[in-house]
Protein chains: 2
Amino acid sequence: MAATLPARAFHETVAARLRAAGQRYTPQRRSITELLAAGGSPLAMPAILEAVGGLTQSSAYRNLAVLEQVGVVRRVITDEDFAHFELTEELTGHHHHLVCSVCGRVEDVALPADLEARLDSSLDRLARRAGFASVRHRLDLIGTCRDCS
Amino acid sequence: MAATLPARAFHETVAARLRAAGQRYTPQRRSITELLAAGGSPLAMPAILEAVGGLTQSSAYRNLAVLEQVGVVRRVITDEDFAHFELTEELTGHHHHLVCSVCGRVEDVALPADLEARLDSSLDRLARRAGFASVRHRLDLIGTCRDCS
DNA sequence: CTTCCTGCAAAAGTTTTGCATTAAC
DNA sequence: GTTAATGCAAAACTTTTGCAGGAAG
């Protein structure tokens with residue numbers, strides 16, 4: 001699930017969001033967003049550090065925090081040692097994750113539109129009944145991938 | 001979503017699972033499972049330590065690890081500082097979580113049976129097409145709870 | 001009497017923060 | 001020239017582990 005936007009519009013969007021927060025679109029940040037867009041699945045910190053040459057750990061965390069604040073990056077919750085990061089759904093479109101419980105591999109996957117719509121409205125009704133408002137959902141599939149089974 | 005089993009059968013089940021692994025159902029472990037059963041939603045470490053008097057942090061983590069290994073407890077993945085723990089679905093039944101993005105409060109919630117069934121079969125088909133086998137799902141609803149909106 | 005459990009303290013590991021320097025606007 | 005970004009090192013934080021003493025079967 002790479003960026004649904006062409007590269008040019010993608011970078012302009014990111015730059016605009018950063019500018020609006022008084023932040024800059026530095027080369028490091030550009031490398032990070034490009035990497036996340038290219039990967040197509042959440043990346044862990046070691047992979048990010050390895051892929052972006054000359055990137056310090058502290059700078060990586062700081063840049064990802066900034067990108068998260070402006071709605072470009074999302075921290076993905078996993079049960080592994082390192083946090084994973086991906087572009088927000090505003091940039092990539094709504095999707096879910098296929099997680100291999102053996103090797104930890106994560107793949108993006110989209111639901112058929114009709115199922116997604118039905119699920120969404122059902123969940124909205126359910127949540128409202130429980131007193132929760134403006135609900136989004138996070139759906140992960142956990143199984144064993146081709147290589148691990 | 002407290003235990004669906006009566007207290008007696010519940011404790012016998014837990015004891016049997018521990019025994020089968022050569023482990024004991026000590027008072028501390030009993031307090032922990034009772035607490036998790038009573039709460040009805042995932043609990044974080046500080047809450048567990050506070051609720052179970054005389055429980056050390058290291059013992060808490062160790063006991064929860066043992067209970068996890070024998071399939072009684074599940075570590076819940078969140079984006080908060082401390083890990084959360086709940087009873088496994090084998091003991092409580094399949095359910096999902098309503099998470100308040102403001103205060104972090106977590107509530108258990110079940111989907112209507114027909115939707116759950118439809119979702120499950122759709123996801124199974126989807127996963128198989130992607131080369132994933134024996135898939136379970138994790139569905140969380142994120143919104144703002146009554147008190148925070 | 002052997003095996004497991006507990007508490008204390010220290011270690012491990014990821015993530016965050018302080019501070020001086022460098023780069024961007 | 002003012003404000004933000006970077007790198008290095010040290011700190012903070014949750015979780016894990018070692019070890020000695022105590023409890024359970």
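Chain letters run A, B, ... following the sequence lines, proteins first, then strands; residues in each count from 1.
- Relative ring orientation between A:His94 and A:His137 is described as perpendicular, the plane-to-plane angle rising above 60° on a 0-90° scale split at 30° and 60°.
- Atom pair A:Glu80:CD and C:dT14:P shows a separation of 12 Å (rounding to whole Å applied).
- Checking the phosphate oxygens (OP1, OP2) of D:dT6, a side-chain nitrogen or oxygen of A:Asn63 falls inside 4.0 Å.
- Between the OH atom of B:Tyr25 and the C1' atom of D:dG25 there is a distance of 18 Å, given to the nearest Å.
- Taking 4.0 angstrom as the limit, B:Gln57 places none of its side-chain polar atoms (N or O) nearer than this to OP1 or OP2 of D:dT15.
- Note: CE (B:Met45) to C1' (D:dC13) measures 14 Å, nearest angstrom.
- In this structure a side-chain-to-backbone donor-acceptor pair under 3.5 Å is missing from B:Ser59 to B:Thr56.
- When heavy atoms are screened at a 4.0 angstrom cut-off, B:Ala83 is found touching the sugar-phosphate backbone but no base atom.
- Among the heavy atoms of the strands lying under 4.0 Å from B:Gln28 are primed sugar atoms or P, OP1, OP2 only; no base atom is included.
- A:Leu115 and B:Leu111 fall within the same hydrophobic cluster, defined by Ile, Leu, Val, Met, Phe, Trp and Tyr side-chain heavy atoms under 4.5 Å apart, directly or through other members.
- The CZ-P distance, from A:Arg29 to C:dA23, rounds to 16 Å in whole Å.
- Comparing B:Gly54 and B:Gly22 by the nucleotide of DNA chain C whose heavy atom lies nearest to each, the residue mapping closer to the 5' end is B:Gly22.
- DNA chain D is contacted by both A:Thr56 and B:Tyr61; A:Thr56 maps to the nucleotide lying nearer its 5′ end (nearest heavy atom per residue).
- The shortest distance between the side-chain N/O atoms of A:Ser59 and the OP1/OP2 oxygens of D:dT6 is not below 4.0 Å.
- Nucleotide D:dT14 holds its P atom 11 Å from the CG atom of B:Leu49, rounded to whole Å.
- Among the atoms of the strands shown, none is found under 4.0 Å from any heavy atom of A:Arg19.
- Base contact: A:Arg62 has a heavy atom under 4.0 Å from a base atom.
- Out of D:dT15, C:dT15, D:dA4, the shortest distance to the side chain of A:Arg75 is found at C:dT15.
- Under a hydrophobic-cluster definition in which Ile, Leu, Val, Met, Phe, Trp and Tyr are linked whenever side-chain heavy atoms come within less than 4.5 Å, directly or via other members, A:Val102 and A:Val106 are assigned to different clusters.
- Taking atom CG of A:Asp81 as the reference point, atom P of C:dT14 lies 6 Å away to the nearest angstrom.
- Separating the CG atom of A:Leu55 from the P atom of D:dC8 is a distance of 11 Å, rounded to the nearest angstrom.
- Two residues, A:Ser58 and B:Pro27, neighbour DNA chain D, and the one matched to the more 5' nucleotide by heavy-atom proximity is A:Ser58.
- The phosphate of D:dG25 (OP1 or OP2) has no side-chain N or O of B:Arg24 nearer than 4.0 angstrom.
- For A:Leu18 and D:dA5, the CG to C1' distance is 12 Å, given to the nearest whole Å.
- When every heavy atom of B:Gln28 is checked against every heavy atom of B:Gly54, the shortest pair comes out as NE2-O, 3.8 Å.
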